[in-house]
Amino acid sequence: MNSRREFLKNLGLATAGITLAPSLDLFAAKKDWFKISLAEWSLHKKLFKGDLKNIDFPEYTAKNFGIYGVEYVNQFFKDKAKDMTYLKDLNNRAKDNGVTNVLIMIDGEGNLGDRDEAKRLAAVENHYKWIDAANFLGCHAIRVNAAGQGTKEEVKDQVVKSLSTLADYGKKGKIAVVVENHGGISSHGDWLSDVLKTVGKKNCGSLPDFGNFYEYDRYKGVTELMPYAHGVSAKSHDFDAQGNDTKVDYQKMMEIVKNAKYKGWVGIEYEGSNLSEDEGIKKTKALLERFK
């Protein structure tokens, strides 16, 4: 009865033109459960041609796509890992455009699963500078590859040692070391999830890529890797008339991601050739936005 009186009283006040403070719970804006970032590889043709430079990547991403998180690829600024003038400029350009530096993808620095111990240790050493650069840029992670030669067990043993060392190095700067399913044995979700479980460090995890599974079932693979995810890579190639990816069931994939209680960045990685890079990025963004 009291609640009814209160309701009528409030209704009277509202009718009289007195505005009541709305309930924050009732009118709170819906918060997206993931944020969209852009993997620089989506623009690799433009970058290799020289039509776009790495230094301009954050501004280009914000102004052309309305995306405010970027995932760098080290080969587009390979000689700049220790160039503080360059990194400071890159950082300022990101900040000026309201862009978050999310992570750096590392390639070409040696195999972390190399059976030759000296080469493996050199590869680990080569990654330190990128952890430092990621820390300076305010990234939360670097993406590495779990590549090597030998049996599954041999590669696992070497990769576990490398990841453990890198995770320990990254811990001080709050940098996670994340592994993508990126060809070879790393594209087997069961193997990679076992590696990460064996490492057993909070700042060592996965970057599940919707593609890159090849003969391995992609949905099984992403499901296996999501418990360790520090990021997600939304690979896309071609689209049908309804804007769906023709290779990946995004509805199914994003349900797997959400069911894993993941909240964070989902990076667009467009690799198609039927659309321009810019158009492919826009199509992938529109597709992802359906699931927010």
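Only this structure's heavy atoms are used, side chains among them; waters, hydrogens and symmetry mates stay out.
Within the 3.5 Å criterion, the main-chain N or O of Gly173 finds a donor-acceptor partner in the side chain of Asn135. Judged purely by atom type and a 3.5 angstrom limit, His182 has no side-chain atom pairing as donor or acceptor with the backbone of Ala147. Between the side chain of Ser233 and the backbone N or O of Asp209, no donor-acceptor pair lies under 3.5 Å. A donor-acceptor pair under 3.5 Å is formed between the side chain of Asp83 and the backbone N or O of Thr85. Side-chain atoms of Asn91 do not come within 3.5 Å of backbone N or O of Leu87 as any donor-acceptor pair. Remark: the backbone N or O of Leu192 is not paired with any side-chain donor or acceptor of Tyr228 at under 3.5 angstrom.
Under 4.0 Å is where a charged nitrogen must lie from a carboxylate oxygen, and between Lys129 and Glu109 at least one such pair does. A salt bridge does not link Lys46 to Glu277: none of the charged side-chain nitrogens sits closer than 4.0 Å to a carboxylate oxygen. Using a 4.0 Å cut-off between charged side-chain N and carboxylate O, Lys220 and Glu224 make a salt bridge. A salt bridge links Lys282 and Glu279; the closest N-O separation between the charged side-chain nitrogens and carboxylate oxygens is under 4.0 Å. Classification of Glu154 and Arg115 as a salt-bridged pair fails, no side-chain N sitting under 4.0 Å from a carboxylate O. A salt bridge does not link Lys45 to Asp51: none of the charged side-chain nitrogens sits closer than 4.0 Å to a carboxylate oxygen.
Side chains of Asn54 and Tyr86: a donor on one and an acceptor on the other come within 3.5 Å. Between the side chains of Lys78 and Gln75, no donor N or O sits under 3.5 Å from an acceptor N or O. For the 3.5 Å distance criterion, the side chains of Ser42 and Glu269 fail to qualify, holding no donor opposite an acceptor. At a cut-off of 3.5 Å, with distance as the only test, a side-chain donor of Asp278 or Tyr60 sits close to an acceptor on the other residue. Asp238 and Asn274 are linked by a side-chain donor-acceptor pair at a separation below 3.5 angstrom, with hydrogens and angles left out of the test. Defined by atom type and a distance below 3.5 Å, a donor-acceptor pair is present between the side-chain atoms of Asn212 and Glu180. Residues Asn101 and Tyr72 have side chains that bring a donor and an acceptor to within less than 3.5 angstrom of each other. Asn111 and Lys119 share no side-chain donor-acceptor pair at under 3.5 Å.
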Can you list the steps and then say if Arg120 with Glu117 is a salt bridge (charged side-chain N to carboxylate O under 4.0 Å, His left out)? CA-CA 5 Å; Arg120 184 189 70 79; Glu117 193 64 5; 2.7 Å; yes
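Residues Leu207 and Val232 fail the side-chain proximity criterion, which asks for heavy atoms closer than 4.5 Å. Considering only heavy atoms from C-beta on, Trp265 stays 4.5 Å or farther from Ile36 through its side chain. By the 4.5 Å heavy-atom criterion applied to side chains, Leu163 and Val177 are counted as neighbours. For the pair Asp56 and Arg93, the minimum side-chain heavy-atom distance is below 4.5 Å. At least one side-chain heavy atom of Met254 sits less than 4.5 Å from a side-chain heavy atom of Trp33.
In this structure, Trp130 has its ring center at least 6.0 angstrom away from the ring center of His127. Aromatic rings of Phe76 and Phe57 (six-membered ring for Trp) have centroids beyond the 6.0 Å cut-off, not under it. Checked against a 6.0 Å centroid threshold, the rings of Phe210 and Tyr250 count as neighbours.
The aromatic rings of Phe48 and His44 sit perpendicular, their planes meeting at an angle over 60°, well past the 30° parallel limit. Under the 30°/60° scheme for interplanar angles, the aromatic rings of Phe239 and Tyr270 are found to lie parallel.
Each of Gln251, Lys283, Arg290 was scored for a side-chain hydrogen bond (donor to acceptor under 3.5 Å, both in side chains) with Asn244, with one residue passing: Arg290.
Leu225 and Phe213 get closest at one heavy-atom pair: CD1-CZ, 4.2 Å.
No more than 12 heavy atoms of other residues, nucleotides or ligands lie within 6.0 Å of NZ in Lys171, so this atom counts as exposed by the packing criterion.
Ile268 contributes atom CD1, which lies 8.5 Å from atom CZ of Phe65 (distance to the nearest 0.5 angstrom).
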